[in-house]
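Written out below as structure tokens is the structure these notes cover.
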Protein chains: 2
Amino acid sequence: MTPGLPMPVPAPGLPARVRIHEVGARDGLQNEQTVIPTEIKAEFVRRLAAAGLDTVEATSFVHPKWVPQLADAERLFPAVRDLAPEVRLPVLVPNERGLDRALTLGADRIAVFGSATESFAKANLNRTVDEALATFAPVVARAKEAGAHVRGYLSMCFGDPWEGPVPVPQVVRVCRALLDQGCDELSLGDTIGVATPGHVTALLTALNEAGVPTDVLGVHFHDTYGQALANTLAALQHGVTTVDASTGGLGGCPYAKSATGNLATEDLVWMLRGLGIETGVDLERLTATSVWMAERLGRPSPSRTVRALSASLGSPDSLDSHKE
Amino acid sequence: MTPGLPMPVPAPGLPARVRIHEVGARDGLQNEQTVIPTEIKAEFVRRLAAAGLDTVEATSFVHPKWVPQLADAERLFPAVRDLAPEVRLPVLVPNERGLDRALTLGADRIAVFGSATESFAKANLNRTVDEALATFAPVVARAKEAGAHVRGYLSMCFGDPWEGPVPVPQVVRVCRALLDQGCDELSLGDTIGVATPGHVTALLTALNEAGVPTDVLGVHFHDTYGQALANTLAALQHGVTTVDASTGGLGGCPYAKSATGNLATEDLVWMLRGLGIETGVDLERLTATSVWMAERLGRPSPSRTVRALSASLGSPDSLDSHKE
């Protein structure tokens with residue numbers, strides 16, 4: 001049975017094109033316990049770009065003590081930076097020291113990482129929300145001076161593991177602060193995956209009402225409760241055209257083996273292709289890349305599209321044979 | 001980390017209440033290779049009802065040769081039929097012989113199973129689409145005479161494994177025929193999981209234009225490519241208020257172990273609860289039922305909500321301990 005790819009049937013009011021911000025090589029790999037050789041990571045980034053992804057977050061210039069997996073940023077970035085002029089390679093920087101390292105190597109797109117909630121700011125950054133914002137201010141300012149594009153990630157925009165549901169006005173306030181500092185775009189993160197479509201629409205609407213235009217907003221959904229694609233649909237219906245996703249659904253789910261954290265890029269591309277929305281991505285080539293990476297990680301991808309398509313592609317990816 | 005349940009944030013234009021047609025005990029179990037004892041199945045139905053599901057498809061009066069797992073319909077149905085007056089217990093019947101068996105036992109809701117495509121009608125029913133419809137005619141007529149409610153399942157409404165995308169007018173024609181025979185409601189099946197939201201909206205719109213009101217339409221999505229919940233959202237936005245789902249995502253996926261076929265009821269309830277849509281379902285109790293059934297089947301549920309929630313409920317359901 002090879003059902004083929006979905007029939008494109010556009011839905012009214014959706015964008016013609018969506019830019020996928022691929023986070024697999026950074027957000028996806030950062031929680032992997034086994035250190036992956038730099039050359040495998042570089043090859044992963046190359047394959048992602050070759051599959052048509054034009055925005056591939058490459059690594060993080062964080063202190064190696066915090067994220068040992070990405071301690072090789074100084075070697076990785078030069079290995080991929082000249083990949084192709086049309087491929088954007090943003091890198092995460094936590095502070096001015098990280099920014100210096102990134103700029104020295106020629107990075108021209110950087111990202112900072114904030115929290116919408118005090119609990120997560122404390123747990124992840126050991127700061128208050130406002131102290132974290134104060135830390136970013138010089139990073140964003142100096143990045144802009146250097147001509148770099150700056151993305152601001154915002155975690156816990158919908159729910160927080162300690163605080164529960166996060167009030168929309170609280171998220172709007174931090175978004176406004178990041179934009180006022182000079183961020184060119186924001187990525188609204190549902191870090192624990194609890195968001196549902198009405199909440200997504202409510203936050204986007206409130207941001208618009210606070211003067212934030214939709215075209216600076218990206219969405220970053222997690223599939224912990226299976227909601228990521230429905231939430232993405234709600235965001236597209238609101239006019240969002242930047243969607244974060246992780247090839248193969250890479251990114252440690254804290255709960256279960258091969259369960260998923262990040263929205264899988266392949267599941268997203270399936271929907272966008274079915275909606276007739278252009279992404280530039282070759283889905284079969286991307287799936288083959290996930291299968292290749294899954295073999296290196298020693299476990300199957302949690303992406304449903306990868307599992308289904310790789311079966312029809314004849315991959316050995318720990319798949320059962322066809323049952324009926 | 002116990003994020004709790006999602007914060008209800010209604011979205012404009014959605015129904016206030018959705019009826020979940022629970023198919024786990026029939027559609028979910030029918031492909032299980034190991035025969036499950038009748039008492040376990042009966043207990044499963046009881047627990048589903050106790051979790052607040054008011055429509056629990058109980059079994060199938062198909063020939064035991066076709067579906068050995070459901071060969072105990074004669075013993076199962078009497079064990080659950082007096083469960084509670086408010087719980088609907090539809091049963092599948094393939095033909096007049098099956099109908100006789102079901103009516104003799106007091107079934108008052110039956111379902112027939114048709115195909116929108118010739119290839120699947122041939123493969124599954126060994127008939128043409130019209131021959132299958134002709135077979136149903138006396139079943140539906142006699143069920144109606146007996147005062148039973150009749151549901152018509154329609155497979156392959158979006159894509160077919162042999163034929164590819166299924167033309168909307170072809171589906172509309174078979175839907176009209178089933179309603180003209182006397183079916184009270186239809187369940188539009190995306191049997192191989194390829195549908196995307198625009199396609200869903202297009203089919204529902206075409207059915208309305210052909211004189212089929214939305215309130216006789218249910219949707220039955222599969223999560224093979226991770227699209228089921230996004231498709232459900234599109235159906236809700238169109239006004240659909242009956243959604244099929246399978247507790248724990250039970251239902252053999254033909255491709256991969258513990259990957260999913262049917263939309264998991266828990267993932268659906270999470271979204272509906274987040275949207276402020278009433279279902280009557282107690283999500284934690286339903287999740288506990290999935291965990292209980294998964295233990296009997298010897299493998300974890302593929303539902304993401306079950307995996308995440310059962311971790312916080314402290315279940316032993318093959319889950320890893322918390323990683324960070």
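- For B/T305, the parts sitting under 4.5 Å from any heavy atom of chain A are the backbone and the side chain alike.
- For the set A/G159, A/P197, A/A195, the count of heavy-atom pairs under 4.5 angstrom toward chain B peaks at A/P197.
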- Task: Under the side-chain contact (heavy atoms from CB on, under 4.5 Å) rule, what do A/Y225 and B/D267 come out as? Steps first, then yes or no, please.
- Result: CA-CA 6 Å; A/Y225 298 86; B/D267 295 11; over 6 Å; no
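- For the set B/V166, B/V168, B/L275, B/L14, the count of heavy-atom pairs under 4.5 angstrom toward chain A peaks at B/L275.
- Of all the listed residues (B/A230, B/P10, B/A202), the one sharing the greatest number of non-hydrogen pairs under 4.5 Å with chain A is B/A230.
- Distance check, rounded to the nearest 0.5 Å: CZ of B/R304 to CZ of A/R304 gives 4.0 Å.
- Of the listed residues (B/G274, B/A11, B/P8), the one with the most heavy-atom contacts under 4.5 Å to chain A is B/G274.
- A distance of 11.0 Å separates OG1 of A/T224 from CG of B/L309, quoted to the nearest 0.5 Å.
- B/T196 OG1 to A/M7 CE: the interatomic distance, rounded to the nearest 0.5 Å, is 8.0 Å.
- Residue contact with chain A, scored on non-hydrogen atoms closer than 4.5 Å, is absent for B/E163.
- With rounding to the nearest 0.5 Å, the separation of CD in A/Q227 from CG in B/L268 is 9.0 Å.
- Of the two parts of A/Q237, only the side chain, counted from C-beta on, holds a non-hydrogen atom closer than 4.5 Å to a non-hydrogen atom of chain B.
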